[in-house]
Every structure is written in C-alpha cells, then in structure tokens.
Amino acid sequence: MSEIKALGYLGFFVSDVDAWCKYAQDILGVSVLKDENSNNLLLRFDAYAWRIKLIESDHDDLAFVGWEVSDEEELDQLKQRLSDQGIEYQEGSKELVEQRQVCELITFKDPDGTVCEAFYGALQVTNKPFVSPRGYKFVTGEQGLGHVVLLSRDHEKQQHFYKNVLGFKVSDYINTEVVPGKPLSICFMRCNARHHSLALAPVKIPAKVAHIMLQVDSIDDVGRAMTAAEKEGVHFSFTLGRHSNDEMLSFYTMTPSGFDVEFGWGGLEVDDDTWHVKVHHVNSSWGHKFQRPPRPSK
Ligand code: FE2
C-alpha cells in the first residue's frame, strides 16, 4: 500500500489575488491569511496552518500538489521507491521546509511535469482554531484536503505513475461525455477512505487542473454555499447534482483562475477489504448540468 496517506496541500499561481480573497471567503467559506512578505494568500480549512497557497503571478496555473505521508520512515521508503524506478527527486531546502511549515519534504515531477511534493509533519495551529467565515465545517482529517482532478496529457503514463510508483489504488472509471460531444475515460484513485483523492482525465488543453473538491459535513451548507454563489453572480460550471461513483452531492463554480471548485457533501468512504473496481457510463446519477463559461468581455 502507498506511503501516501492523503492530499495534504495545493499551490496555485494566481493573477487576481483580490478576486481570490473574496471568492475564498464568500463562496468557499475558508479563512484567508495574508503572507507578511508578499501578496500571497494562505487558505485555511482546519487545524492545519494552511491547505491552499495562492502565489501572486502574471498567469494562472497549478504550482504544486502536496501529498502527505505519515513520518520520516515512510518518506524514506517513498524516496527509495522513486530511486528504484529511476525517478529523480530533490530534498526540500530549509527555506522550502519553512515555507511549507512541515518537518521534511521532497519534490519530484509526475510524467506530465506536475510538480509533486511529499511531506510529513505539517504544522497544526490549535491555539488559533479554524473559524469558517460562513460557518462551514470541512471534512478533512484522515481523508485529507479533498480531491484534485488533473488533466493528463500522457494518460497511460500518468495512470501508471500514480498507481505503480506512488501506490494509489484505482476506485473506478467513468467513461462518458462530461462536456457534451467530448467522450473520455476518467480514472479515479484513492490513498485513504475518501473514494478518490486524485482523478486523471485525458484532456489535452493547456490547463493542468479541471477542478478541486472541498467537502463539508452538512447538506444544508451545500445549499447555503449555492445560494451565496448565486447571489455573488459566480459562474456555475456544473449545477447541483449527485455523482455516480463517489455519490457526492455537489455543485461546481469557476474560480478566478478558470478552474472549478466542486463543493460537496456526502462523499463515499471506501473499505479496501470489500471494494472492487467499477465502471460507470454516466458522470452523475442526476443533475450536474454543464454550463458553458461566459465569454470574457474585452
Ligand atoms: Fe470531483
């Protein structure tokens, strides 16, 4: 089984920090910390010092994906496996370790060039409890931050890397047209009880991320978040619906960076002893109607 225990954190380059600050607080209901020495933002969801880092930039892109392992021994095992498979990794510098607020980390790239980090010992800030500006409680803990859907260029190599090198388990596949007229097979992978912490979708566009998912512990909070998003005029990329595979009841809004955040409740927890790989031909049992994004006004 994988040394990787959870999706720990994510980093994004963002071109509009102010829009993100508003979106994070008013739509996602997470708390926002401003970096003392830059215009970067740290988003908090729980006891972790941060879960998402937004780095001010002239463009919008995924910066890094942080995978959490248990301890030093597990990180050593992962290093060994990467070496055995001929995959280069770098030890995180003292400066990077301080920035990430962890005990130790390594960095490496997946076959598509996504910057991955593996770490242990994330700082917990229990003396300043996380308080959602909208009163939400996020489902994190052993299930990690949520999930991330990467758009894979080399789909076969990506699946092999995450399955055979990093040790993720395949939960299922959805073979469907998420966007009308564009059939594809999405591979859903897990590293803990969350049905998937990672999904790989073979879509060759410049963006690296389709969406990330944040889960709250109350169905009413999904409704409240939806009402807030409607009031703020945020673009809904997919309307409210229930996914066929992880049974998440969710809706999707577009972030100021162009990728989506799925905001959901009720995601399936998988028991490794009884789960078997499945295939679905629909993305959702109901709802999740795709809405084309508005053309940017110039
Ligand atoms: Fe999702």
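Every number for a ligand or one of its atoms is a count from 1 in the order of the listing.
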(request) Measure up the Phe259 and Trp20 rings against each other and bin them: parallel (under 30°), tilted (30 to 60°), perpendicular (over 60°). (result)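 Ring orientation of Phe259 relative to Trp20: tilted.
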
(message) Can a donor-acceptor pair be found, under 3.5 Å and without considering hydrogens, that links the side chain of Ser15 to the backbone of Asp58?
(response)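 No: the side chain of Ser15 does not pair with the backbone of Asp58.
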
Got an N, O or S from [X] under 2.8 Å of the Fe ion (ligand 1)?
X	value
His147	yes
His211	yes
Glu262	yes

(message) Please determine whether residues Val139 and Ile219 belong to a single hydrophobic cluster, defined as Ile, Leu, Val, Met, Phe, Trp and Tyr linked transitively by side-chain heavy-atom distances below 4.5 Å.
(response)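 They do not share one cluster, since no chain of ILVMFWY contacts under 4.5 Å joins Val139 to Ile219.
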
(message) I'd like to know whether the aromatic ring centres of Phe251 and Phe236 sit less than 6.0 Å apart in this structure.
(response)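 Centroid separation for Phe251 and Phe236: below 6.0 Å.
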
